[in-house]
Amino acid sequence: MKSLASRVETLLSAGIDIGTSTTKLVISRFSLMNLAGGTHVPRIEIIDKEILYRSPIFRTPLLSATTIDMIAVDDIVKSEYEKAGVTSDQIQTGAVIITGETATKQNAEEMVHHLSEHAGGFLVAAAGPDLEGIIAAKGSGAYGYSKKTGKSVANVDIGGGTANIAVYQDGRLTGTCTLHVGGRLIEFEDEQIKSISPPVEKLIRQEGWTVQIGDSKYHPDVQKITRRMATVMANVLSKSMTMEDEVLLLGHPPQWSGDVDVIVFSGGVSECIYQLEEENASLAVYDDIGIELASALRREPGLQHYEWKKPNETVRATVLGAGTQTTNISGATIQVESSQLPQKNLPVVEVSFEYETAVGLAKLQSSVEEAIAIYDPGGEGQNFVLYLTDIPYLKFRDIQSIAKKLIACRRLKPDPLQPFIIVLQSDHAKVLGQTLQALEPEQSILCIDQIDIEQGGYMDIGQVLQSGVVPVVIKTLTFHS
Amino acid sequence: MEKELIASITKLVIEKLNQEQPPKEPEVALWSASPKNPAPVEATEQNLERIELKPVRQEAIQRKEQKTHQSRTCSDSLKLEKKEQQLEELRQKTPSRIAVGRAGSRPKTNTWLQFRYDHAAAVDAVYGEVSADVLENLGVFTVHTRVEDKEEYIRRPDRGRQLSDESRKIIKDRCQNSPTVQVVISNGLSAKAVEANIEDVYLSLQQSLNNLKIDMGTTFYVDKGRVALMDEIGEILTPDVVIMLIGERPGLVSAESLSAYMCYKPRKGVIEADRMVVSNIHKGGIPPVEAGAYLGTIVQKILKYQASGVSLVQKES
């Protein structure tokens with residue numbers, strides 16, 4: 001409404017990235033404003049993002065090769081919050097993401113959920129290689145560049161453990177891919193090889209190379225390995241992977257359509273390519289194949305024909321993405337009860353109406369049954385989000401029949417009294433929420449709209465803001481091994 | 001748009017169509033930027049064949065084209081395709097008639113016909129009537145203003161702001177006195193807007209007020225009303241809030257856009273700044289069902305602050 005037109009609301013956001021080699025944090029402030037005219041239904045959008053604090057780059061504290069030192073990570077976060085001058089209860093949105101090989105540690109899951117609970121009022125726990133790539137692409141500026149130019153831009157975020165590729169065309173995600181390519185896959189100590197990660201071990205065996213732990217760091221095979229990594233990268237970007245390349249693939253092969261025009265490197269290894277950070281003298285302290293890998297990528301013939309674009313951020317791309325690019329704002333006309341918020345870590349069940357009400361109605365029940373079977377087989381009351389998409393133009397009668405069907409579906413849930421959470425792609429939440437309320441006044445309902453899910457199977461919904469909207473974060477929670 | 005101009009240009013186009021046969025020989029696609037998807041209005045002429053106009057120097061150009069044709073590589077057609085894709089994305093972003101191509105210095109026939117169709121739809125919306133079925137389904141009765149016919153309605157806005165003597169009596173007799181909310185429906189400048197949207201907006205608004213336990217008076221329909229008519233209705237029935245659902249002046253994007261005007265305790269002499277509006281309610285704007293639900297929360301706010309329009313904004317902050 002008019003009254004909101006001139007008002008700006010601010011929101012503090014934190015991003016925490018716990019990576020294979022490094023851990024970092026950013027604090028930023030979002031400004032929200034109603035961008036719709038006075039005679040229109042309000043449309044609240046994030047109009048400005050200001051970064052208030054960037055932490056230094058910390059080494060990720062580990063207790064052993066397979067466990068994260070949770071207390072040390074906690075201490076880093078606490079002391080950095082102090083330096084930034086914020087307290088955890090001021091943080092209203094943001095994400096803590098566990099990336100690269102750190103996501104394979106025994107207590108990775110415990111770690112992110114612990115931080116999500118303690119480091120902010122609404123801080124979202126996230127993990128998963130595809131999501132890492134997407135967040136890095138948004139933090140590095142690759143996403144923005146594709147939107148601006150309409151080109152197909154591949155962001156390659158190479159950290160210590162993995163390389164996460166996300167391809168955007170004209171601001172639309174066209175695909176992702178993750179490789180076991182990273183600086184920390186071979187570590188040195190005293191001029192010797194200290195460790196070789198399992199995927200690289202496999203590559204060495206496959207190729208019949210001989211390098212092993214204890215060999216000199218100048219062993220010729222080390223260069224062969226980094227060169228091979230660069231070739232695989234080129235093959236993946238041009239979607240011409242061979243059988244031999246698959247040893248370095250983590251998850252699915254590249255699935256984007258069309259060709260890549262531009263490549264942007266981000267992540268720790270990209271720092272060795274571009275050297276954008278000021279204190280680049282400290283690079284050698286990592287004592288791993290990062291620098292070798294960077295130079296192999298720079299020289300790789302298969303990568304030369306692309307346009308190379310410098311990122312806005314190198315090593316901090318993911319943390320900036322997590323802190324500034326994960327929050328979505330819902331539509332302004334929604335039906336929520338603040339006593340039921342925030343809601344965290346809800347799996348998303350999508351029901352596409354395929355632009356026909358009858359199709360949607362027919363699908364609803366079986367989708368809910370399926371969802372219960374997958375997410376709550378034991379009947380423990382794991383809630384989920386029902387995400388309704390491709391909705392046709394709806395008459396009031398259609399809304400009523402959908403609402404009736406939804407109520408029938410709610411009764412299928414093991415705990416029918418828990419909040420019923422419905423998320424819509426189109427602008428229908430208020431009327432659907434009110435209809436559900438009219439039919440069953442005593443039940444609690446969360447009905448929000450205008451959320452587009454690009455990728456990711458989980459959703460967190462934050463507390464209602466003054467403008468009447470809720471922050472929503474869409475994410476994945478995959479702890480690969 | 002002047003009628004004579006439209007008539008003369010249409011005549012020209014039709015003459016041209018009659019004179020020229022579409023070329024039979026395999027033609028070089030000179031104007032590849034033809035819109036795949038004309039303006040997103042329910043086009044009824046999809047069955048019409050697309051007629052390409054022959055440019056004046058077609059043959060000369062054709063010869064030239066043939067020469068250069070062989071040297072063209074497939075990368076050119078790829079580039080064209082990509083360009084077309086980008087244009088298509090731009091077209092998706094606005095209902096404006098952009099990137100529609102041209103024939104010489106004039107719009108293409110399809111574009112022109114679409115424009116004429118939309119213009120005609122706008123005229124129809126103003127001069128049309130709301131069908132009796134729609135009003136019957138909602139269970140509302142009809143009253144009239146002091147306006148006699150459409151011509152007078154357009155020429156004399158002041159008469160559209162007053163009820164006829166008989167109508168004043170009817171609403172006094174038939175309507176609940178002093179309700180919290182009085183809903184009034186009027187065709188205004190677009191009968192189509194009412195026909196297309198009223199059922200959804202009204203039912204959804206009714207439900208919303210019901211949920212909020214806000215009492216609603218007896219809704220009625222005013223033929224050929226103006227927004228400020230709510231002042232007189234406010235004096236007769238003394239409701240706390242009047243909501244007037246009225247057809248907007250049609251445009252070329254949509255001829256069926258509805259507005260909801262609201263005012264707290266409207267009386268004769270209310271200043272315009274105390275009225276507020278939610279506009280653009282139609283298929284392509286705010287979905288009618290959602291608009292109705294939203295109106296309920298605005299009414300709640302108006303009642304809470306006992307003010308509307310600019311006064312509400314001031315009281316709120």
Side-chain angles (χ1 to χ4, degrees), chain A residues 1-7 34 36-43 147 149-152 169-172 257-259 261 331-335 357 391-400 402-403 424 426-441 445 447 449-450 466 468, chain B residues 78 82-83 85-87 89-90 196-213 248 259-262 273 275-298 301-302 305 307-317:
Chain A
M1 263 172 49
K2 283 174 204 158
S3 53
L4 290 168
S6 52
R7 250 183 247 166
N34 176 19
T39 69
H40 289 79
V41 169
R43 193 179 73 244
K147 206 171 170 180
T149 59
K151 288 181 182 169
S152 175
Q169 172 152 29
D170 201 10
R172 267 180 304 109
S257 56
D259 293 335
D261 304 322
T333 51
I334 54 175
Q335 188 82 7
T357 312
I391 293 177
Y393 176 76
L394 294 180
K395 306 282 290 173
F396 188 73
R397 295 175 210 290
D398 300 328
I399 296 273
Q400 273 184 322
I402 292 171
L424 299 142
S426 56
D427 187 6
H428 286 109
K430 189 117 208 163
V431 65
L432 186 59
Q434 285 182 353
T435 310
L436 288 166
Q437 207 186 27
L439 292 170
E440 279 195 326
I445 294 150
C447 195
D449 62 16
Q450 294 182 54
Q466 279 159 23
Chain B
L78 267 177
K82 203 164 180 188
K83 210 170 172 186
Q85 221 175 28
Q86 284 172 339
L87 285 176
E89 256 161 50
L90 289 177
N197 306 309
I198 198 67
E199 180 185 298
D200 293 332
V201 176
Y202 186 70
L203 292 179
S204 159
L205 169 64
Q206 204 173 26
Q207 173 179 279
S208 179
L209 292 177
N210 246 338
N211 280 7
L212 296 166
K213 301 196 170 55
E248 281 175 27
S259 278
Y261 282 85
M262 281 156 289
R275 281 190 238 284
M276 54 204 295
V277 64
V278 173
S279 66
N280 204 29
I281 304 171
H282 62 100
K283 226 176 231 182
I286 304 164
V289 280
E290 186 75 353
Y294 174 59
L295 289 176
T297 54
I298 300 185
K301 207 186 251 174
I302 292 176
Y305 289 99
S308 56
V310 174
S311 315
L312 174 65
V313 177
Q314 282 166 346
K315 281 199 179 175
E316 222 185 336
S317 52

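Bear in mind that the values here come from a model prediction, so they are computed numbers and not experimental data. Computation of the quantities below employed the complete heavy-atom set of this structure, encompassing side-chain atoms and omitting hydrogens, waters and symmetry-equivalent molecules. Convention: sequence-line order gives letters A, B, ...; per-chain numbering from 1.
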Contacting moiety of B/L203, where chain A heavy atoms sit under 4.5 Å: both
Given that the side chain runs from C-beta out, which part of B/T297 has a heavy atom under 4.5 Å from chain A: side chain, backbone, both or neither? side chain
Without swapping roles, check the side chain of A/D449 against the backbone of A/L424 for a donor-acceptor pair under 3.5 Å. no
Go through the structure and list residues passing side-chain hydrogen bond (donor to acceptor under 3.5 Å, both in side chains) with A/Q437, not counting sequence neighbours. A/Q335, B/N211
Atom group of [X] that falls short of 4.5 Å from chain B, counting heavy atoms:
| X | answer |
| --- | --- |
| A/D398 | neither |
| A/R43 | neither |
| A/S426 | neither |

Would you give me the side-chain donor-acceptor pairs under 3.5 Å for residues 307-314 of chain B, sequence neighbours excluded?
unit_1: B/S308; atom_1: OG; unit_2: B/Y264; atom_2: N; d: 2.9
unit_1: B/S308; atom_1: OG; unit_2: B/D274; atom_2: O; d: 2.5
unit_1: B/S311; atom_1: OG; unit_2: B/D274; atom_2: OD1; d: 2.5

Within 45 degrees of the axis of the six-membered ring of A/Y393 and under 6.0 Å from its centre: does B/K283 put its NZ or CZ there?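 Yes, B/K283 lies over the aromatic ring of A/Y393.
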In terms of heavy-atom pairs under 4.5 Å, which option from B/V201, B/N210, B/N280 contacts chain A the most? B/N280
Are there more than 12 heavy atoms of other residues, nucleotides or ligands under 6.0 Å from atom NZ of A/K147?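 Not more than 12 within 6.0 Å, no.
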